[in-house]
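Worksheet: one structure, shown below.
Since the structure is predicted, the reported quantities are computational estimates derived from the model, not experimental observations. Worth knowing before you read on, the calculation uses all heavy atoms, side chains too, and leaves out hydrogens, waters and symmetry mates.
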Amino acid sequence: MILENLFKNLIYDPVSVLGLLVFYILLVNLPISLGAFFQKKSFFIVRVLTILINFLITLQLLFRWSISGHFPISNLYESLYFLTWGITMGQLLIEREYQSPIIPSIAIPIELLTVAFACFVLPDDLKISSNLVPALRSSWLVMHVSVVMLSYAALIIGSLLSVSVLFINKNKPLQIRSSSTGIGGFKISNNYPLNELVEPIEFSHSEELDTLSYRSILIGFVLLTLGLISGAVWANEAWGTWWSWDPKETWAFISWMFYAAYLHMRISKGWQGRRPALLATTGFLVVLICYLGVNFLGIGLHSYGWIFG
């Protein structure tokens, strides 16, 4: 009977059913990932469930795209799932580079909270697919919004990895041997004889996570830059102005400046270890305010995505 009702609902409302299914799978995956973290070993089932979650969100977005007739990132409900899709994809790609139970244990709670917010907190009128407002009926919709959402996903992952850098081996001095640009190189010093430099170097968990955090933030920063440029071009076409300084645009620029400062400190000033990790951790709050916080103001040219107003 339960399966029969599930299939009926899946036929009549596939978007909501798949969204709830993603939530419950994440609810199962969370304690498994935390158990793997405390046992300090990776569980294959965590990766399998993450792949399944990513696949189900892909199906959900494709169903919404087919039903609405436009790319499914036009309201907050759709963008939350698109963000979760980006975070799960980033999690899977990072795990290919570095197998560690730390990565799913920090990514899955954020994915679960994002999906829970979309399912149980958002009002019903923001969950329903509706016709696009005139300003959104443009080919720039896919380019601008999808790139910005993927930049948020990459920046969130990078910031969360920085949080783990702060807490792993927190009672020990943190010496990052990879380069400040996060390319995994070794800093040549007079303290190391030449014959030792050719030996393979085993990097610690903190060093690996610091490098992955930098790379994720760099990718997110590049995507955010492209998103701001495409948004300015689109705004000029839709509203006749390149920049309007409404809350969303202002906080997007603040986010860009914040991570530009982070990259400047790492590349030009050579910051490594806990100082840039602390800066990147603060960046998570900046992105959160940019993506969700300003939505509660209910004003601005981006009013089609607000919770109130």
Side-chain angles (χ1 to χ4, degrees), residues 22 25-54 83-116 150 152-184 200-220 259 262 266 271-285 287-288:
V22 167
I25 296 175
L26 281 168
L27 205 58
V28 172
N29 208 17
L30 177 61
I32 299 175
S33 65
L34 293 178
F37 172 74
F38 288 116
Q39 293 184 35
K40 297 182 179 180
K41 60 181 181 179
S42 297
F43 287 174
F44 181 69
I45 185 64
V46 175
R47 184 172 178 83
V48 170
L49 289 176
T50 303
I51 293 173
L52 177 60
I53 289 164
N54 187 270
L83 177 67
T84 306
W85 181 88
I87 295 175
T88 55
M89 182 60 71
Q91 175 192 335
L92 292 170
L93 292 174
I94 289 174
E95 285 185 286
R96 288 189 62 184
E97 294 290 324
Y98 181 55
Q99 291 286 338
S100 172
I102 297 172
I103 295 167
S105 69
I106 60 176
I108 290 174
I110 296 299
E111 295 161 8
L112 180 61
L113 288 173
T114 304
V115 170
L150 290 176
Y152 289 163
L155 293 173
I156 287 172
I157 291 173
S159 297
L160 291 175
L161 289 172
S162 291
V163 174
S164 64
V165 171
L166 290 174
F167 288 97
I168 292 178
N169 299 326
K170 63 180 179 179
N171 295 324
K172 298 179 182 179
L174 180 60
Q175 178 61 43
I176 301 296
R177 291 174 291 171
S178 60
S179 70
S180 62
T181 56
I183 58 174
I201 299 169
E202 291 292 332
F203 291 102
S204 68
H205 289 306
S206 298
E207 291 169 330
E208 293 279 4
L209 293 170
D210 180 77
T211 298
L212 290 171
S213 172
Y214 169 81
R215 290 174 178 174
S216 298
I217 289 174
L218 180 60
I219 292 171
Y259 283 103
Y262 166 87
R266 287 205 65 144
W271 275 24
Q272 293 181 335
R274 292 194 172 91
R275 285 194 298 177
L278 183 61
L279 190 63
T281 301
T282 308
F284 175 78
L285 298 177
V287 172
L288 192 64

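Using a 4.5 Å cut-off on side-chain heavy atoms (C-beta onward), Asp210 and Arg266 make contact.
The shortest non-hydrogen separation linking Gly158 to Ile217 is CA-CG1, 3.8 Å. What you find for Ser162 and Ala277 is that their closest heavy atoms are CB-O, 3.5 Å. Among all heavy-atom pairs drawn from Leu83 and Ala153, the shortest one is CD1-N, 3.7 Å. When all heavy atoms are compared, the tightest approach of Ile102 to Ser164 is CG2-CB, 3.9 Å. Heavy-atom minimum distance, Gln91 versus Ala107: OE1-CB, 3.6 Å.
Atom CG of residue Leu52 and atom CD1 of residue Ile45 lie 9.0 Å apart, to the nearest 0.5 angstrom. Distance CD/Gln99 to CD/Glu208: 12.0 Å, rounded to 0.5 Å. Of the inter-residue distances, the one linking Asn29 atom CG with Leu34 atom CG reads 9.5 Å to the nearest 0.5 angstrom. The CD1 atom of Ile94 sits 3.5 Å away from atom OG of Ser216, with the distance rounded to the nearest 0.5 Å. Leu209 contributes atom CG, which lies 6.0 Å from atom OG of Ser100 (distance to the nearest 0.5 angstrom). Annotation: the span from Ser105 atom OG to Leu160 atom CG amounts to 10.0 Å, rounded to 0.5 Å.
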Next item on the list: Please test Ile106 against Val163 for side-chain contact (heavy atoms from CB on, under 4.5 Å), starting from the C-alpha separation and ending with a verdict.
Entry: CA-CA 9 Å; Ile106 60 176; Val163 174; over 6 Å; no
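Listed by chain and residue number, Phe82, Trp85, Leu223 satisfy the side chain to side chain contact (heavy atoms under 4.5 Å, CB included) test with Leu150 (two or more places apart in sequence, or in another chain). For Tyr259, the side chain to side chain donor-acceptor pair (under 3.5 Å) partners two or more places apart in sequence, or in a different chain, are Ser159. The side chain to side chain contact (heavy atoms under 4.5 Å, CB included) check on Leu93 picks up Met89, with sequence neighbours excluded. Under the rule for a ring-ring contact (aromatic ring centres under 6.0 Å, His included), Tyr262 has no partner lying at least two apart in sequence or in another chain. Residues satisfying the side chain to side chain contact (heavy atoms under 4.5 Å, CB included) criterion with Thr88, sequence neighbours excluded, are Thr50, Ile53, Asn54, Thr84, Glu111. Taking the side chain to side chain contact (heavy atoms under 4.5 Å, CB included) definition, one finds that Leu285 meets it with nothing, sequence neighbours left out.
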